[in-house]
Amino acid sequence: MYQLLIVDDQPDLVEDLASNLPWQSVGIATVYQAHSAAEALEIMNATPIDIVITDIHMPGQSGLDLIAQIRASWSNVKCILLSGYNDFEYAQRALQHQATDYLLKPAEDEDLLQAVKKAAGQLEEHWQAISSHHSALHSLKDNLPILRSHLLLSLLQGEAFTSEKLAEKLDMLDFSFTMNEPYGLMLLRMEDYFYEQTERDSALLEYAVCNIAEEIFSEEYKLWHTKDGHGYYVFVIMSKADARQEQAQLLHQMEQKAAQLQHYVKLYLKGTVSLVLTKQDAFPLAMHETYDFSLINFRQRIGSERGFLLTVTEEAKHGEANSLSHLYNPPLFIHLFEAGQWDAIEEKLRLVFEELELKWGESHEHILETYFMIVSSLSFSIHKNKLWMADIMGADFNQLLSGPHFHTIKQLRSWTESILAAYRSHMSSRVQHSRSSTVQKVQEYVSGHLEDASLQSIAAHVFLNPSYLSKIYKLETGEGISEYISRLKMETAAHMLRTAPDKIYEIAAKVGYLKTSYFIKVFKDRYGITPQEFRDR
């Protein structure tokens with residue numbers, strides 16, 4: 001369903017067209033009203049509009065000037081021109097501005113509906129073409145390197161995919177990595193000369209290094225690389241040979257290729273690189289763990305030294321500490337709290353506590369690690385929402401003041417679930433209170449400005465986007481804002497007809513109808529009788 005904007009300097013005509021035509025039958029969900037080009041542009045800046053119907057002759061900017069500005073900023077908006085003059089010059093200029101239709105006033109209702117239906121059809125065709133399978137494949141092909149890099153980064157960061165889902169993604173990205181085949185990992189750090197370059201030159205040199213790596217490895221290996229958050233390049237290496245290679249053989253050949261890479265980078269690019277090669281595994285198993293293992297060895301064994309090549313194969317020794325993988329796998333708690341994704345938070349907590357119980361059930365250090373991560377994420381989110389932790393947590397806040405005294409995973413889980421439930425409940429109440437407050441402000445404003453209240457003026461008063469305001473008002477009250485304004489106008493008019501001596505044209509003006517005949521029509525549509533008949537009764 002599309003959004004329509006009607007622009008004319010005659011308010012009664014705009015109100016009549018907006019309220020009395022069956023716009024939904026031609027694909028229109030919402031109709032906005034403007035009485036000048038300036039007001040129309042203000043609405044278009046605040047909310048997405050798909051189709052514009054505009055009069056040509058208006059004070060200030062004309063309708064032709066308006067659609068020229070629309071073309072410059074919103075090229076996909078369809079424009080329909082109305083004119084009281086059957087002038088070829090106007091029609092010609094309308095064509096120059098790519099108007100969808102040019103109708104003479106007074107336009108028949110059916111002609112207007114057909115013009116809007118035609119414009120909606122053109123929009124449908126345009127966006128279907130943009131989102132078509134062929135177009136999507138073309139865009140996908142153009143962005144393959146970026147998409148491949150993002151997928152590898154997700155795997156390295158521990159994002160879980162089923163075998164079927166990953167195979168589907170690899171196929172979509174036209175990537176020939178085979179499931180369950182052995183792979184090796186290589187981390188590359190650019191050093192010395194590369195640090196001294198400008199950002200532009202550095203990007204070109206990084207591209208050159210990756211090209212050299214592709215050239216050296218590509219004859220015998222498939223290569224897949226990305227740049228991580230530490231500035232290292234990570235290469236996944238898989239043999240092209242059908243036969244499964246022994247780990248020692250694979251690592252030996254990878255070492256030879258890596259040494260060539262170091263040599264050619266120094267020879268042709270005048271810089272040094274350090275490399276860490278790690279043990280093979282069946283793709284995509286243990287990618288996150290292998291990547292972390294490589295990073296640790298880079299820090300501990302190479303450190304700040306330059307031009308080193310290190311191959312590491314040993315496993316972590318029994319009894320050695322390690323961090324909780326699910327605690328640091330994306331998405332992080334801090335991001336989930338910030339976005340208010342409560343179901344995802346609960347699922348992540350479930351995975352973290354499962355890992356705690358399975359691997360570190362006796363470790364007070366890992367219980368503390370989990371506690372501090374949860375508390376830091378919570379405190380960031382609560383303070384960012386302009387709240388105090390003591391107000392949210394109540395008695396549980398004392399646990400923070402006295403320090404963590406959790407001796408079991410069960411105690412930590414119980415405390416976490418308690419404060420999470422309290423925070424979620426508070427945020428839900430806050431949203432509800434905010435919406436109720438907005439509804440109250442809308443109704444107070446309309447009551448005090450019944451003569452000239454509109455969706456745009458109300459939205460400006462409550463500092464909200466008109467489209468969002470419209471949705472939350474209907475969600476909270478079950479009635480659209482325009483319906484509420486129209487109903488309030490009629491109820492106020494009915495009350496004045498019963499109790500006040502004002503003339504009918506005076507009552508019409510007081511409730512915002514400049515044209516008495518239109519007021520009488522709308523009143524009769526609602527009550528079944530004219531205002532005078534209502535007063536007489």
Quiz item: Could you go step by step and tell me if M490 and F519 meet the side-chain contact (heavy atoms from CB on, under 4.5 Å) rule?
Solution: CA-CA 9 Å; M490 291 299 100; F519 165 70; 3.9 Å; yes

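- Across all their heavy atoms, T370 and L327 have their closest contact at CA-CD2, 3.8 Å.
- Between the R148 side chain and the D174 main chain, a donor and an acceptor come within less than 3.5 Å of each other.
- Using the six-membered ring where Trp is involved, H383 and W388 have ring planes that are perpendicular, over 60° apart on the 30 and 60° scheme.
- Not a single donor-acceptor pair under 3.5 Å links the side chain of K78 to the backbone N or O of L123.
- No donor-acceptor pair closer than 3.5 Å links the side chain of S414 to the backbone N or O of K410.
- Proximity of the aromatic rings of Y423 and W342 is defined here by a centroid distance below 6.0 angstrom, and this criterion is met.
- For Y527 against A494, the heavy-atom pair with the smallest separation is OH-CB, 3.8 Å.
- Scanning all heavy atoms of the two residues, the minimum distance from I529 to F523 falls at O-CD2, 3.4 Å.
- At least one side-chain heavy atom of R526 sits less than 4.5 Å from a side-chain heavy atom of R487.
- Scored by the ring pair (Phe, Tyr, Trp, His ring centres under 6.0 Å) test, Y445 finds H449, H461 as partners (sequence neighbours excluded).
- Considering only heavy atoms from C-beta on, I345 stays 4.5 Å or farther from R424 through its side chain.
- Separation of atoms CG (L41) and CG (D65) is listed at 10.5 Å; rounding is to 0.5 Å.
- For the pair L324/F353, no side-chain contact is recorded, criterion being any heavy-atom separation below 4.5 Å from C-beta on.
- With hydrogens and angles disregarded, a donor-acceptor distance shorter than 3.5 Å links the side chain of Y518 to the backbone of E15.
- Within the 3.5 Å criterion, the main-chain N or O of N385 finds a donor-acceptor partner in the side chain of R430.
- Contact of the M1 side chain with the Q24 side chain is registered, since non-hydrogen atoms from C-beta on lie closer than 4.5 Å.
- Judged purely by distance below 3.5 Å, without hydrogens or angles, the side chains of E369 and Y328 pair a donor atom with an acceptor atom.
- Proximity of a side-chain donor or acceptor of Q3 to a complementary backbone N or O of Y32 within less than 3.5 Å is not detected.
- Ion pairing of K510 with E506 is absent here, as no side-chain N (NZ or NE/NH1/NH2) approaches a carboxylate O to less than 4.0 Å.
- Side-chain contact between L420 and L349 is present, with heavy atoms from C-beta onward closer than 4.5 Å.
- Closest heavy-atom contact between M58 and S62: CE-C, 4.2 Å.
- Note that CG of L82 and OG1 of T54 are 7.5 Å apart. Values are rounded to the nearest 0.5 Å.
- L387 CG to I392 CD1: the interatomic distance, rounded to the nearest 0.5 Å, is 4.5 Å.
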Exercise. Show your reasoning for whether side-chain contact (heavy atoms from CB on, under 4.5 Å) applies to E159 and H288.
Key: CA-CA 8 Å; E159 188 169 343; H288 176 55; over 6 Å; no

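- Using a distance-only test at 3.5 Å, with no hydrogens or angles considered, a donor-acceptor pair links the side chain of E355 to the main chain of H326.
- Under the side chain to side chain contact (heavy atoms under 4.5 Å, CB included) test applied with I485, the options I458, V511, L455, V442 reduce to a single match, I458.
- A heavy-atom distance below 4.5 Å is found between the side chains of L155 and L166.
- For E354, the CD atom is densely surrounded, since the number of other residues' heavy atoms within 6.0 Å is greater than 12.
- Side-chain N or O atoms of S381 include none that pairs as donor or acceptor with a backbone N or O of L378 at under 3.5 Å.
- Judged by the 6.0 Å and 45° rule, K169 forms no cation-pi pair with F161.
- Proximity of L488 to S447: side-chain heavy atoms (C-beta onward) are separated by under 4.5 Å at one or more points.
- To the nearest 0.5 Å, atoms CD (E124) and CG (D50) are separated by 11.0 Å.
- Under the salt bridge (Lys or Arg N to Asp or Glu O under 4.0 Å) criterion, R413 pairs with E357, not counting sequence neighbours.
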Exercise. May I have the step-by-step check of side-chain contact (heavy atoms from CB on, under 4.5 Å) for W23 and I6, ending in yes or no?
Key: CA-CA 12 Å; W23 294 114; I6 303 174; 4.1 Å; yes

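- Side chain of E483 to backbone of E479: no donor-acceptor contact under 3.5 angstrom is found.
- The backbone N or O of A453 sits nowhere less than 3.5 Å from a side-chain atom of S457 that would complete a donor-acceptor pair.
- Residues M44 and V52 meet the side-chain proximity criterion, which asks for heavy atoms closer than 4.5 Å.
- Minimum interatomic distance between Q443 and Y473 (heavy atoms only, all atoms of both residues): NE2-OH, 3.2 Å.
- Note that CG of L497 and CZ of F534 are 6.5 Å apart. Values are rounded to the nearest 0.5 Å.
- I146 CD1: 12 or fewer foreign heavy atoms inside a 6.0 Å radius.
- Closest of all the heavy-atom pairs between K348 and L336 is CD-CD1, 3.8 Å.
- Taking a cutoff of 4.0 Å between a charged side-chain nitrogen and a carboxylate oxygen, K117 and D101 do not qualify as a salt bridge.
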Quiz prompt | From CA spacing to verdict: side-chain contact (heavy atoms from CB on, under 4.5 Å), D228, Y291 | solution = CA-CA 10 Å; D228 71 6; Y291 168 62; 2.6 Å; yes

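- Atom NZ of K503 and atom CD of Q532 lie 9.5 Å apart (nearest 0.5 Å).
- One finds no salt bridge joining K441 and E444 here, because no Lys/Arg side-chain nitrogen approaches an Asp/Glu carboxylate oxygen to under 4.0 Å.
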